[in-house]
Protein chains: 2
Amino acid sequence: MTRHYPHTKRILVAVDCIIFGFDQNDLKLLLTKRSFEPEKGKWSLIGGFVQDDESLDDATKRVLYKLTGLKNIFMDEVKVFSEVDRDPMERTISVVYYALIKINKNLKLSRDYGAQWFSVDDLPVLIFDHNNMVDAAHEKLRWMARHQPIGFELLPKKFSIPQLRRLYEAIYDKELDKRNFSRKIIAMSMLEKLGEKDKSTSKKGAYLYRFDKRRYRELVNKGLNFEI
Amino acid sequence: MTRHYPHTKRILVAVDCIIFGFDQNDLKLLLTKRSFEPEKGKWSLIGGFVQDDESLDDATKRVLYKLTGLKNIFMDEVKVFSEVDRDPMERTISVVYYALIKINKNLKLSRDYGAQWFSVDDLPVLIFDHNNMVDAAHEKLRWMARHQPIGFELLPKKFSIPQLRRLYEAIYDKELDKRNFSRKIIAMSMLEKLGEKDKSTSKKGAYLYRFDKRRYRELVNKGLNFEI
DNA sequence: TCAAAAGTGTTGACCCTACACCCATGG
DNA sequence: CCATGGGTGTAGGGTCAACACTTTTGA
């Protein structure tokens, strides 16, 4: 015997991803050319319908993997967009995620989606309510970056303090005092200083650091609360 | 011509609400006896399926109204629960909201749901993943109450500082220094002091205040950031 | 008159901000 | 040798936490 809840018209469930990356000085996000109707050919977020056998997290991982070839991407739910007419073709609710990835030469984007990086403050018009999704995701990113150590997800494993500062300046769209910033971040003692220097942005070179996740967790257990 | 996206098995979309209330000293939440299969008769969150013609917010408002008779309840999305087998009957994803209401003698709960208030730290076992939903909602409430002035939604329009403090003590499950607390909250100057006193909890009586939303917005525009 | 809750002030520690100069080095 | 970005120290103000006693009044 198969039992069912009472019938309602079908509601499709989708996920859409705001994929952030950081490229030296700019916070960017990845947009794709929509490959199917409606609005085929327009700029849109990457997304997909949730399948029978997957949770929303699974669906998001699948979508991200197909585009970037990466697994274990940092991702976080933002909110659900569910206005009745948001998709003109059929009733679809969409759960928005943001994801953080490291832009570097190893990153090989699938050619299938016509994906392109855009600076967050110079975006094209997107389909449906996708611009609103971006706004919501950006706001959540700012909030989370301030209170959780997620900024490191956007940087290479080894990074310099000035690089980290530029990242936060890009996220907050605000200049930060370099002395205060480095004092604060070092005082949290969750960074491991490496011997090497990064000379790509200056002649003197800047010391490289690594985020020490284990140490961070210890500190949190001792009552540290991260805030930048 | 009707166009459709490719077919997938139907996924039902539901909302579930964690309704918080504050009763003098305790943070409570409202549970109902489930009235349909599966798990009929067990304690559960109040919820409902999203209908064709409503957004998630609409659905949540409808569910809250049917139970409490109230409109304009404060509510906020927490996250989506979407594990494939979370509902044994049929694939259902559920969007969790928390809502804040004022418990008082005007509150007339519908008799249809067998609803009952429970102290947040003395809850029964709930159906499905509802206990996890409560945990997620409670965490979000703590977070939000610290950073946004939502605590007032749980108190009567007129309230005393000690009452407000007891509320925050209940939310954080932590004692707060009454001198520091009242200094801090008054310094934010978003409360309007009224002439009257509340004598229900002491012989001396405590001055009543009102939250001044307009003033609060002004302060935020001037760069205040609320934090308790 | 006493019990019970409300109200109030001070101090020291810490943290945050603002600010300017020297260092290292590749070109 | 000089232009460029990296690195560092200090002082003042503000904020926060810790702490105890007086006030009011109903019972």
Derivation and outcome, side chain to side chain contact (heavy atoms under 4.5 Å, CB included), residues B/Leu141 and B/Leu100: CA-CA 9 Å; B/Leu141 173 62; B/Leu100 306 180; 3.9 Å; yes
B/Asn180 versus B/Asp177, closest heavy-atom pair with distance: N-OD1, 2.9 Å
Strand contacts (DNA chain C) in residues 193-206 of chain A, 4.0 angstrom heavy-atom criterion: A/Lys199, A/Lys203, A/Lys204
Partner residues of B/Tyr172 under the ring-ring contact (aromatic ring centres under 6.0 Å, His included) criterion, sequence neighbours left out: B/Tyr168
ring-ring contact (aromatic ring centres under 6.0 Å, His included) partners of B/Phe118, counting only residues at least two apart: B/Trp43
Interface limits on DNA chain C, where chain A has a heavy atom under 4.0 Å of a nucleotide atom: C/dT17 to C/dG26
A/Tyr207 OH - D/dG6 C1' separation (whole Å): 10 Å
Residues from residues 166-179 of chain A lying under 4.0 Å of DNA chain C - heavy atoms: A/Asp177, A/Arg179
Donor-acceptor under 3.5 Å (B/Asp198 side chain, B/Leu208 main chain): no
Within residues 219-227 of chain A, residues whose heavy atoms come under 4.0 Å of DNA chain C: none
NZ/NE/NH1/NH2 to OD/OE distance under 4.0 Å, A/Glu169 and A/Arg165: yes
A/Arg142: partners by side-chain hydrogen bond (donor to acceptor under 3.5 Å, both in side chains), with sequence neighbours left out: A/His138
Minimum heavy-atom distance A/Arg86-A/Asp129, with the two atoms named: NE-OD2, 2.7 Å
Selection residues 62-75 of chain B - residue pairs positive for salt bridge (charged side-chain N to carboxylate O under 4.0 Å, His left out), sequence neighbours left out: B/Glu54-B/Arg62
Atom of B/Tyr207, atom of B/Leu194 and distance for their closest heavy-atom approach: CD2-O, 3.8 Å
Backbone N/O of A/Arg34 and side chain of A/Ser44: donor-acceptor pair under 3.5 Å: no
Under the side-chain hydrogen bond (donor to acceptor under 3.5 Å, both in side chains) test, residues paired with A/Tyr209 that sit two or more places apart: none
Partner residues of B/Phe159 under the ring-ring contact (aromatic ring centres under 6.0 Å, His included) criterion, sequence neighbours left out: B/Phe152
With A/Phe226 via ring-ring contact (aromatic ring centres under 6.0 Å, His included) - residues at least two apart: none
Between the protein and nucleotides 10-14 of chain D, list every N/O to N/O distance that falls short of 3.5 Å.
residue	atom	partner	partner atom	Å
D/dT10	O4	A/Arg183	NH2	3.1

Side chain B/Lys102, main chain B/Leu107, donor-acceptor under 3.5 Å: no
Whole-Å gap separating P (D/dT8) and CZ (A/Arg165): 13 Å
